[in-house]
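Sequence lines set the chain letters: A, B, ... in the order given, protein chains first and strands last, and positions in each chain run from 1. Atoms considered below: every heavy atom in the structure, side chains included; atoms not considered: hydrogens, waters and symmetry mates.
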Amino acid sequence: MIEVQHLTKRYGPVTAVDDVSFRVERGEIFGFLGPNGAGKTTTMRVLTGYMPPTEGRAIVAGYDVLDHPIEAKRRTGYLPETPPLYPEMTVRDYLTFVAKIKGVPRKERRVRVDASMERARVADMANRHCGKLSKGYRQRVGLAQALLHNPEVLILDEPTAGLDPKQIIETRELIKQLGGDHTVILSTHILPEVGQTCQRVVIINKGRVVAVDSPENLTSRLRGSETMYVQVDATSEDTKRALEAIPGVTQVSLADTRGTVNSFEVSSEAGRDVRRELAAAVVTRGWGLLELRPLRMSLEEIFLHLTTDESAAPPEPAGADLSASAEASADGQVGPAEAAHEPGENAHE
Amino acid sequence: MNNVLAIAQRELKSYFVSPIAYIVIGFAAIMFGYFFISLLYYFDRVSLQAGVGFGGPETVNVNEMLISPLFLNVSVILLFTLPMVTMRTYSEEKRSGTIELLLTAPLTDVQIVFGKFLGGLALYGAMLAVTLVHIGFLFAFGNPEWPPVLAGYVGLLLMGGCFLSLGLFVSSLTRNQIVAGMVTFAVFLLFWVINWIASFTGPTTQGVLNYLSIVEHLNDFARGVIDTKHLVYYVSFIAFSLFLTVRAVDSERWRG
């Protein structure tokens, strides 16, 4: 449905998007994840025909956006980062105008406007001026505008930005409903959003694609091995030795010590569940087993690992990048809080 | 064509929900009224003199002595009002981001530019319509000929079209309305005074300067003559300005 081939966009000396390629199938909800300034908006602007690519091709709904812009635009609904509203128009007037320029036939206009207002839940504001709406309502009117001509492809640039938590949940539900009938691309820098709404994710940083996969696969690819968090009331050396003796365990490292209570992160071979053996090893020795839980790497951590400069200095293929950072996490026990600071700042540069 | 009309209609409405339309039309009505009164007093004096035989012209013609100079004065009004009409057309859309809606809708750049031009022209049409009141008085109490009046209005509409298309182009270059307004005013002023030095220059330069002056071409229209020479000038001026606007919008896309 959407195909992007070696897309590059340069603004003078600045390369905003660098050789990006991906495919989105019909009916898919595809997430665009990256820090601010990663090139998400630029890529979307190329897909919507707002600006042409410097190099490469983008095909939307079977039409090249550069060669057949009108046909491609007819099949695309776009919600820009700031909803493009005319403050002096009422919501209904505005949507009627949008229906006209998007070529909705006169007879269907009223029905389509009503339907899209219903869908985006702005019907109660139909006669308000767009300039007087709250941020949340503006965003929704923008969404109604994108849905208006019932396009095959929906491109939503940060659709939940500026919404309150309840509205965020509603918007995510709406986007999920839209998948199937429509092909949806949405961008965000909020990680949980991707896990909750998208079937596939592309992570981009500094204009380059870092990884493309489903949220689940990204998590497991990155883990590489299973890690357990164990808290035991016993001396650290004894426990460490006992845990390391368990077959399948590859590494045991001390995470924290509080009095006699020690916490360990225990890595095992991929796909091998050692929880029973771990529990047995501790309990049969008469130590107190205070906590035992699997450590799953959250998307947030993946994101930080993938987009941190330290994780892999030269830009390598995504696979190599992934395993390298996975090891780093297993070795170094970088707590999520710690990891969140440095890479976060780097990502904004 | 439907797309063009949709944009023109939105543009026209937006003038009327903001103070711009009322300021522009109100200002134009006051100034036109003032010019009308002053020329009427002058005409009254001249026709009185002619009537009692104290020299002056042998015949007094209301078209020649009142309507024609009145039309020529309209260019002054346009100089001040039309920058207000065009300054926000593109600048405002760029600033508020609504340009993204237009550029990602299934519209061509030509449709967008032409729609905006027609919207401005419609407002200008409304402004000219107000002046019909004064001309109406002349028809009610005198007997002017109507074909020269019609030719005058055609000329005014075309001259306004030139100013509007030029203003649209300037507006497409910046996202700051004030800058757009000031630059437009400066450019209008230049086109207005460009032939003032014509009589001091050589015959070739004089011809070129006179030809470039937007106002100079109105003279024949105001007298009631529709000359293809002037028609070609006005129409090609408008077409060229609109073409430049389309190119400016397109180049903005490439530069981001």
Aromatic A:Tyr50 / basic B:Arg253 pairing, under 6.0 angstrom, 45° off normal
no

Please tell me if the side chains of B:Leu101 and A:Val98 come closer than 4.5 Å, counting only heavy atoms from C-beta onward.
yes

Give the interface residues of residues 166-174 of chain B toward chain A, defined by a heavy-atom separation under 4.5 Å.
none

OH-NZ distance between A:Tyr86 and B:Lys13, expressed to the nearest 0.5 angstrom
13.0 Å

A:Leu85, part contacting chain B, at a heavy-atom distance under 4.5 Å:
backbone

From CA spacing to verdict: salt bridge (charged side-chain N to carboxylate O under 4.0 Å, His left out), A:Arg45, B:Glu100:
CA-CA 9 Å; A:Arg45 283 180 164 179; B:Glu100 281 197 78; 3.1 Å; yes

Please look at B:Ser18 and chain A and tell me whether the side chain, the backbone, both or neither of the residue comes under 4.5 angstrom of a heavy atom of that chain.
neither

Non-hydrogen atoms of chain B under 4.5 Å away: do they reach the side chain of A:Gln145, the backbone, both or neither?
side chain

With a 4.5 angstrom heavy-atom cut-off, is it the side chain or the backbone of A:Tyr78 that approaches chain B, or both, or neither?
side chain

Can you tell me which of B:Glu93, B:Glu92, B:Gln9, B:Gln111 forms the most heavy-atom pairs within a distance under 4.5 Å of chain A?
B:Glu93

Flag side-chain contact, heavy atom, 4.5 Å: B:Arg10 against A:Met89:
yes

For each of A:Ala146, A:Gly142, A:Pro84, A:Pro53, tally heavy-atom pairs with chain B at distances under 4.5 Å, and name the one with the top tally.
A:Pro84

At their closest point, which heavy atom of A:Ile101 faces which heavy atom of B:Leu107, and how far apart are they?
O-CD2, 3.8 Å

Segment of B:Ile7 engaging chain A (4.5 angstrom heavy-atom cut-off)
both

So, for A:Lys73 and B:Ala105, which heavy atoms are closest and what is the spacing to 0.1 Å?
CD-O, 3.3 Å

